[in-house]
Amino acid sequence: MAQSLHLLFLSLIFFVNLICFSSQQDLSFVYNGFNQGQANLHLDGTARIQFQDGLLQLTNATTQQMGHAFFNRPFDFGSASSQSLSFSTHFVCALVPKSRVDGGHGIAFVLSSSMDLTQANPSQYLGLFNISTNGSPSSHLLAIELDTVKNAEFNDIDKNHVGIGENSLQSVDSASASYYSDKEGKNISLRLLSGDPIQVWIDYENTLLNVTLAPLSNQKPSRPLLSRSINLTAIFPDRKTFVGFSAATGSLVSYQYILGWSFSRSRVTLQGIDISKLPTVPRPTKRKISYLLIVLLVILALIVMAAVLGGYYLYRRKIYAEVKEPWEKEYRTFRYSYKSLYKATRGFNKKGLLGKGFFGEVYKGTLPWVGDIAVKILLNDATQGMKQLAEVVKIGSLQHKNLVPLLGYCRRKGELLLVSKYMEGGSIDQYLFNSDKPPLSWSQRLAILKDIASALCYLHTGASQVVLLRDIKASNVMLDENLQGFLGDIRMAIFDDHGGTFTSVVGTIGYMAFELTSTGASTRTDVYAFGAFILEVTCGRRQFDPEMPIEKRHLVKWVCECWRKGSLVDAIDTRLRGNFIPEEVDMVLKLGLLCTSIDPEIRPSMGIVVQYINRKQTLPDFSLDTPGIEA
Ligand SMILES: *[C@@H]1O[C@H](CO)[C@@H](O)[C@H](O)[C@H]1NC(C)=O
Ligand SMILES: *[C@@H]1O[C@H](CO)[C@@H](O)[C@H](O)[C@H]1NC(C)=O
Ligand SMILES: *[C@@H]1O[C@H](CO)[C@@H](O)[C@H](O)[C@H]1NC(C)=O
Ligand SMILES: *[C@@H]1O[C@H](CO)[C@@H](O)[C@H](O)[C@H]1NC(C)=O
Ligand SMILES: *[C@@H]1O[C@H](CO)[C@@H](O)[C@H](O)[C@H]1NC(C)=O
């Protein structure tokens, strides 16, 4: 009972909404949504009414489909003269592509002598024609197409246009979808496949067919998009036609809907569509999935980013890793972070490599506030030695104007990094033995010898501990920009509380005293090395030079030989070209011989050496016959 009452009520609404005059001449109706039922509608193909929301769905998103919806009674032109023939229609449609990809193929408003278009083709034929009926006057069909695919075979202008077709898909007139905005006084383009509802008005009067488009929120624009003269009686000689819609999908698909439709014989009698009563257009469910996909992708991207950042963090931690032990706490202020040294040397770039030796490598770098630095990397794991070195750094006890200032250190696994001031002039061996640097004058050489003697004397006696350099040699003597001499490499220095001997043998051939292997390093072995250095600086050649004639090969022997011949100054560097003070050269060479005596007892201490070299004391009387002098 309730059921039938309900039905009665529905049909009442139906008749109120759908004012359908019994006279065929005055066919006139309005659908504000289609949930009143499908009475009076002829549907085929994929066309169906979605009762729950009142949409007339012409196609869903299945490929190669078509759907038709016709008002099931024909529109009769009547027998009046063609002058007075007119009709007017207004509909709202929506073309919803599948998740933002291109869709197809479009919707057409159709006037057709037959409601049966089931023999037509989908896709570009829009469910209107097949290959044999397209272009045939016997089709008796007029279509106003909203076409969303560009078909070259029908000369389509683009994939978003409106066209008028007379018995053919080849449009007699077409234009890109747009509407005239009265407010702005210009055409505004409209995307048919936006999924948003679009209003279409088709007015026919005085043989002129006008097509007007607008978005749902707009009033009917004052200017039509298309205005074309059409002879309807020529297409429909029977003066009768069915009116309705056709839509199709091809390989491109979209959901195509009609939301509301009004039709009347004239503009005056056309009833307005109540926009507020129109159903809403469902967005494809695919989109929800794509939102989910986006969320998933974002999460994935975040995970990847986190992994990359984490990896980068671990990588940084690994490359910047340091070794710190509790006892180092007190040397904090002398400690440099590995990161800062890494950056100062541009990641220990090979371009900044200053030197390479058995113990490690030296790089040039620049630290903010400090300036140019030299970073020495020692591959050494002797914790004990490092601790002592750090001690020196802390106490700052090794502060002498002729010691390369040690600025600090850093420790890593198996590496000790020493940071010292960068010496502009490089090491003295480049001036003495290489021809690429200008030769030093005699006074410069003597000044450097005094500098180094003073530094060495300080290490042996001035500091709170005895420091044995053990590796005094030309390549460890650095020059600053003023050619002042600095003792550079204290990397192998051994610290000991005044006295004691050391068993490990470290040094450089030519600078190593003979007793070093048997009794170990002492201040006297340092003096020996300094003596060798004196001879090298004065004579401008290495201790041992295999390219020299036999009698000159060993520097000490050669100097002795010159002395024996009564002309000690013959041993001097020829590049000085005689510009020197013979008495000074004589004293210096003899001092060199004294220091390189094979008898450690004959070698003077560094304190005395400083006295001699500064001429505060005269050299002791000795000759080539003094035991230990000539080896
Ligand atoms: C589309 O409509 C056709 C015919 O009504 C139906 O067979 C098909 O399952 C529908 N496809 C979808 C995706 O709804
Ligand atoms: C085209 O459609 C007409 C009817 O509309 C039908 O008679 C004819 O067989 C169809 N031709 C093809 C090739 O499908
Ligand atoms: C069609 O548009 C033209 C202007 O382009 C207008 O003069 C004419 O009245 C319109 N006809 C109808 C039926 O709307
Ligand atoms: C607007 O579009 C119509 C139809 O395509 C065209 O005739 C007209 O010139 C255009 N007007 C402007 C201002 O672009
Ligand atoms: C329209 O076509 C009919 C039939 O072909 C013809 O009799 C009539 O003269 C045409 N009208 C105009 C205005 O061209």
Side-chain angles (χ1 to χ4, degrees), residues 42 44-45 64 66 68 70 77 82-91 108-147 156-158 160-165 167-169 171-192 199-215 218-232 235 241-242 244 246 248 262-270 272:
H42 169 91
D44 67 34
Q64 306 295 347
M66 56 181 183
H68 303 110
F70 283 101
F77 295 178
S82 60
Q83 290 302 93
S84 65
L85 173 57
S86 71
F87 73 87
S88 213
T89 190
H90 176 203
F91 62 89
F109 178 73
V110 195
L111 284 81
S112 167
S113 58
S114 162
M115 285 197 290
D116 181 14
L117 294 180
T118 50
Q119 296 302 306
N121 289 342
S123 194
Q124 72 268 37
Y125 290 94
L126 285 177
L128 299 169
F129 302 98
N130 62 28
I131 190 147
S132 53
T133 57
N134 182 29
S136 156
S138 59
S139 297
H140 304 301
L141 193 147
L142 178 75
I144 291 94
E145 306 147 11
L146 307 184
D147 197 338
D156 285 353
I157 53 166
D158 60 23
N160 187 52
H161 67 272
V162 181
I164 302 170
N167 289 327
S168 168
L169 287 156
S171 301
V172 292
D173 200 358
S174 65
S176 287
S178 71
Y179 66 98
Y180 180 77
S181 163
D182 290 284
K183 220 193 281 175
E184 298 179 46
K186 63 172 185 184
N187 289 342
I188 296 175
S189 71
L190 200 62
R191 208 163 73 84
L192 297 174
Q199 302 189 78
V200 182
W201 292 267
I202 298 162
D203 301 298
Y204 184 76
E205 208 177 292
N206 298 328
T207 72
L208 203 58
L209 183 85
N210 288 0
V211 182
T212 314
L213 261 62
N218 286 45
Q219 296 286 322
K220 183 181 180 182
S222 64
R223 298 186 194 171
L225 173 64
L226 292 173
S227 188
R228 173 82 190 184
S229 172
I230 303 283
N231 188 346
L232 267 195
I235 306 169
T241 177
F242 291 95
S246 176
S262 173
F263 184 91
S264 183
R265 174 171 288 279
S266 79
R267 273 196 285 172
V268 182
T269 54
L270 185 74

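All ligand and atom numbering here is 1-based and tracks the order in the structure. Side-chain atoms are counted along with the backbone in the values below, which use heavy atoms only and exclude waters and symmetry mates.
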Atoms in ligand 2 with a heavy atom of Ser132 nearer than 4.0 Å: 1 (C), 10 (C), 11 (N)
Per-atom contacts of ligand 2 with Asn130, taking only distances under 4.0 Å to non-hydrogen atoms: 1 (C), 2 (O), 3 (C), 8 (C), 10 (C), 11 (N), 12 (C), 14 (O)
Compare every heavy atom of [Y] with every heavy atom of [X], then report the nearest pair and how far apart it is.
| X | Y | value |
| --- | --- | --- |
| Ile157 | Ala175 | CD1-C, 3.6 Å |
| Leu146 | Val200 | CD1-CG2, 4.1 Å |
| Ser168 | Glu145 | O-OE2, 4.2 Å |

Ser138 side chain to Ser136 side chain, donor-acceptor N/O pair below 3.5 angstrom: yes
Nitrogen or oxygen of Thr133 less than 3.5 angstrom from that of ligand 2: no
Neighbouring protein residues of ligand 3 - any heavy atom closer than 4.0 Å: Asp203, Glu205, Asn210, Pro224, Ser227, Arg267
Worked verdict on Phe87 versus Leu209 for side-chain contact (heavy atoms from CB on, under 4.5 Å): CA-CA 9 Å; Phe87 73 87; Leu209 183 85; 4.2 Å; yes
Backbone N/O of Leu208 and side chain of Asn206: donor-acceptor pair under 3.5 Å: no
Donor-acceptor contact below 3.5 Å, side chain Asp147 vs main chain Val162: no
Atom indices of ligand 4 within 4.0 angstrom of Asn187 heavy atoms, with elements: 1 (C), 2 (O), 3 (C), 8 (C), 10 (C), 11 (N), 12 (C), 14 (O)
Chi angles and distances behind the side-chain contact (heavy atoms from CB on, under 4.5 Å) call for Tyr204, Leu232: CA-CA 9 Å; Tyr204 184 76; Leu232 267 195; 3.6 Å; yes
Min N/O separation Lys186 to ligand 4 under 3.5 Å: no
